[in-house]
Amino acid sequence: MNNQPTLAQWRFLHPRYWGIWLGYWLMVFITALPHRAQIRFGALLGWIAWHFARSRKHIVGVNLQLCFPELSDEARKAMARQNFRHTGISLVETARSWLRDPNSARDRVTLHGLDTLLAAKAEGKGVILLGMHLSTLDYAGAVLSTHCGF
């Protein structure tokens with residue numbers, strides 16, 4: 001079997017992909033940091049996005065105005081800032097679920113109904129897991145896999 005990179009693989013070293021490589025290696029570095037530092041870095045990403053992603057900030061503001069017309073402008077602004085912060089943190093958590101051993105996060109996740117899932121699996125029954133598409137889906141799924149072996 002030939003383990004030499006193909007021409008198609010070499011093309012990813014082109015300068016147009018350097019930003020992607022930089023982002024990838026930055027996430028590898030960040031996910032190797034202690035958990036607290038990861039959370040702080042994620043919050044920093046959210047702060048940066050709040051200040052530079054003007055169109056996203058506008059969209060969030062309009063959505064909050066439509067959903068919460070009874071809130072003051074300041075309250076909606078605080079909600080929006082918090083949303084950006086949590087989105088930054090979720091980016092780091094998602095990177096962690098992709099790049100690190102999920103066993104390292106087992107103590108940070110509480111699973112409810114695991115006994116029911118494991119009992120169904122032991123009986124050979126099929127199980128449908130339904131989850132909301134939230135930022136924690138990858139993180140929780142990775143940890144769940146350490147309990148169930150899927």
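Throughout, residue positions are numbered sequentially from 1 according to the sequence presented. Small disclaimer: the values here were computed from a predicted structure and weren't measured.
- Between the side chain of Trp18 and the backbone N or O of Leu13, at least one donor-acceptor pair lies under 3.5 Å.
- Dense packing is recorded around CZ of Arg100, with more than 12 heavy atoms of other residues, nucleotides or ligands lying under 6.0 Å away.
- Ile20 and Ile30 fall within a single hydrophobic cluster, where Ile, Leu, Val, Met, Phe, Trp and Tyr are joined by side-chain heavy atoms under 4.5 Å apart, directly or via other members.
- Leu144 places a side-chain heavy atom less than 4.5 Å from the side chain of Leu111.
- Other residues, nucleotides and ligands contribute over 12 non-hydrogen atoms within 6.0 Å of the NE2 atom of His147.
- Proximity of a side-chain donor or acceptor of Trp50 to a complementary backbone N or O of Gln82 within less than 3.5 Å is not detected.
- Looking at every heavy atom in both residues, Phe12 comes nearest to Trp21 through O-NE1, 2.7 Å.
- The two atoms that bring Leu118 and Cys148 nearest to each other are CD2-SG, 3.8 Å, heavy atoms only.
- There is no path of hydrophobic side-chain contacts, each under 4.5 Å, that joins Leu44 to Ile89.
- Between the CG atom of Asn83 and the CZ atom of Arg56 there is a distance of 10.0 Å, given to the nearest 0.5 Å.
- A continuous path of hydrophobic side-chain contacts links Leu99 to Leu45 [ILVMFWY only; heavy atoms under 4.5 Å].
- Note: the hydrophobic cluster containing Trp25 also contains Phe29 (ILVMFWY, side chain heavy atoms under 4.5 Å, direct or indirect links).
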**OP:** Show your reasoning for whether side chain to side chain contact (heavy atoms under 4.5 Å, CB included) applies to Leu117 and Leu129.
**Re:** CA-CA 9 Å; Leu117 176 64; Leu129 297 175; 4.0 Å; yes
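- Gln65 and Asp73 get closest at one heavy-atom pair: OE1-OD1, 4.4 Å.
- Using modelled atom types and a 3.5 Å distance limit, the side chains of Tyr17 and Arg11 yield a donor-acceptor pair.
- Heavy atoms from other residues, nucleotides or ligands lying under 6.0 Å from NZ of Lys77 number 12 at most.
- The minimum heavy-atom distance linking Leu33 with Ala37 is given by the pair CB-CB, 3.9 Å.
- Using a 4.5 Å cut-off on side-chain heavy atoms (C-beta onward), Phe84 and Val60 make contact.
- Minimum interatomic distance between Ala142 and Pro102 (heavy atoms only, all atoms of both residues): O-CB, 3.3 Å.
- Within 6.0 Å of CZ in Arg40 there are 12 or fewer heavy atoms belonging to other residues, nucleotides or ligands.
- Thr31 places none of its side-chain heavy atoms less than 4.5 Å from the side chain of Trp98.
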**OP:** Test Met27 against Arg96 for side chain to side chain contact (heavy atoms under 4.5 Å, CB included), laying out the working first.
**Re:** CA-CA 8 Å; Met27 284 297 137; Arg96 181 180 173 159; over 6 Å; no
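- The two residues Val127 and Ala120 have their closest heavy-atom pair at CG2-CB, 3.5 Å.
- Proximity of a side-chain donor or acceptor of Thr146 to a complementary backbone N or O of Val143 within less than 3.5 Å is detected.
- A distance of 12.0 Å separates CZ of Arg76 from CG of Asn63, quoted to the nearest 0.5 Å.
- Thr94 has its side chain out of reach of Tyr139: every pair of non-hydrogen atoms, C-beta onward, lies at least 4.5 Å apart.
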